[in-house]
Every structure is written in structure tokens, then in C-alpha cells.
Amino acid sequence: MLVRDAMSTVVLTIGPTHTLRQAAALMAARKVGAAIVHDPDAGGIGILTERDILISVGQGQDPDTERAHAHTTTDVVFATPVWTLEEAAAAMAHGGFRHLIVLEDDEPAGVVSVRDIIRCWAPVRQQVPA
């Protein structure tokens with residue numbers, strides 16, 4: 001199976017000045033665990049995850065004043081739709097993260113998460129005899 005078979009095409013894109021509370025509300029409303037942060041001034045695409053927000057709140061930072069850009073991962077590993085799920089899983093395991101932004105023609109086309117991969121693999125794995 002390929003990344004295109006598993007990825008979510010519900011892509012939440014936010015700006016760098018969104019507060020963490022705004023980002024969390026948008027993520028919750030869309031039922032996604034990550035938002036793509038597009039910062040044209042910084043020259044690229046980053047990712048803000050639920051874990052990033054949780055770390056900030058756990059450190060006592062105010063989600064109403066903390067901005068997405070301060071918590072965005074900018075050293076991002078990008079996948080393509082034609083990667084295999086094994087390649088995506090290996091990249092996640094190697095990098096210690098749970099989401100990959102999927103680029104097609106240098107534009108975000110989706111996000112693939114560990115959960116997406118498990119959802120694809122689980123039915124296949126259940127059919128294998130013990």
C-alpha cells in the first residue's frame with residue numbers, strides 16, 4: 001500500500017500567529033492531530049502537533065498568548081504519495097514523530113499519521129494465521 005491510500009486529505013493549515021488555543025480548537029473541530037503551519041516570511045512549511053501544544057501547556061505557558069511559530073517543527077520530513085507505508089513508518093520510527101506532511105508538486109496534499117498506517121495494516125494483519 002502507498003501513502004496516498006492512507007493519508008488524510010483533510011489538511012488543516014494555520015498561520016504562524018495563531019495562538020495555541022486557536023490551533024487546538026481548529027484541530028479538535030477537524031478531528032486532526034496536527035496542523036500545517038505556513039509561514040511565508042520564514043520561507044516554508046512546518047508542523048504543529050497535539051504533542052507540541054501539550055508540552056507548552058504542561059510547561060505552564062499560556063495557550064492564549066503562545067503563538068504557533070514558537071512551537072512549530074520546521075525541520076520536517078516530507079513524504080510523497082507514492083512512498084510505501086513501510087517507508088513512511090520507517091521515517092516516523094527513525095525520526096520519533098507520528099505525522100508526515102505529504103507533498104505533491106511541492107504543495108501539501110495531505111498528512112499521514114501512525115494511526116492512518118495502522119488503520120490500513122490492521123485488516124491485513126488480522127487475516128494472517130497465527
Give a yes or no on whether the backbone of Thr84 and the side-chain of Glu87 come within a donor-acceptor separation of less than 3.5 Å. yes
Can you check side-chain contact (heavy atoms from CB on, under 4.5 Å) on Ile36 and Leu12, steps first, answer last? CA-CA 6 Å; Ile36 294 173; Leu12 173 60; over 6 Å; no
Would you please test Arg98 and Met92 for side-chain contact (heavy atoms from CB on, under 4.5 Å) and show each step? CA-CA 6 Å; Arg98 298 178 293 167; Met92 290 178 190; 5.5 Å; no
Here the pair of heavy atoms bringing Ala88 nearest to Ile117 is CB-CD1, 4.0 Å
Is a donor on one side and an acceptor on the other found under 3.5 Å between the side chain of Thr65 and the backbone of Asp62? yes
Which residues pass the salt bridge (charged side-chain N to carboxylate O under 4.0 Å, His left out) test with Asp64, sequence neighbours left out? Arg21
Roughly how far apart are Leu20 CG and Asp52 CG, rounded to 0.5 Å? 8.5 Å
Is a donor on one side and an acceptor on the other found under 3.5 Å between the side chain of Thr72 and the backbone of Thr74? no
Check for me, please, whether Trp83 and Met7 land in the same ILVMFWY cluster - side-chain distances under 4.5 Å, paths through other members count. yes
Between atom NE2 of His71 and atom CD1 of Ile53, what is the distance when rounded to the nearest 0.5 Å? 9.0 Å
Taking every heavy atom of Ala109 against every heavy atom of Glu104, the minimum-distance pair comes out as CB-CB, 3.9 Å
Are the side chain of His18 and the backbone of Gly15 linked by a donor-acceptor contact shorter than 3.5 Å? yes
ILVMFWY network linking Val57 to Leu54, side-chain heavy atoms under 4.5 angstrom: no
Hey, mind stepping through Ile14 and Leu26 against side-chain contact (heavy atoms from CB on, under 4.5 Å) and telling me if it holds? CA-CA 9 Å; Ile14 64 171; Leu26 290 167; 3.9 Å; yes
Once rounded to the nearest 0.5 Å, what's the spacing between atom NE2 of His99 and atom OG of Ser8? 9.5 Å
Any non-hydrogen side-chain atom of Phe97 less than 4.5 Å from a side-chain atom of Thr49? no
Within the side chain of Glu66, is there an N or O that forms a donor-acceptor pair under 3.5 Å with the backbone of Pro63? no
Can you tell me how far OG1 of Thr80 sits from CD1 of Ile101, rounded to the nearest 0.5 angstrom? 13.5 Å
Do you know the tightest heavy-atom contact between Val11 and Gly110? CG2-CA, 3.4 Å
Rounded to the nearest 0.5 Å, what separates atom CZ in Arg67 from atom OG1 in Thr17? 6.0 Å
Do Val102 and Val82 share a hydrophobic cluster, counting only Ile, Leu, Val, Met, Phe, Trp and Tyr and linking them when any side-chain heavy atoms are less than 4.5 Å apart? no
Consider side chain to side chain contact (heavy atoms under 4.5 Å, CB included). Of Leu100, Ile47, Val37, Leu103, which one does Val76 pass it with? Ile47
Separation between CZ (Arg4) and CG (Leu85), nearest 0.5 Å, reads 11.5 Å
Is there a donor-acceptor pair under 3.5 Å between the side chain of Ser113 and the backbone N or O of Asp116? yes
Can you hop from Met1 to Val112 via hydrophobic side chains spaced under 4.5 Å? yes
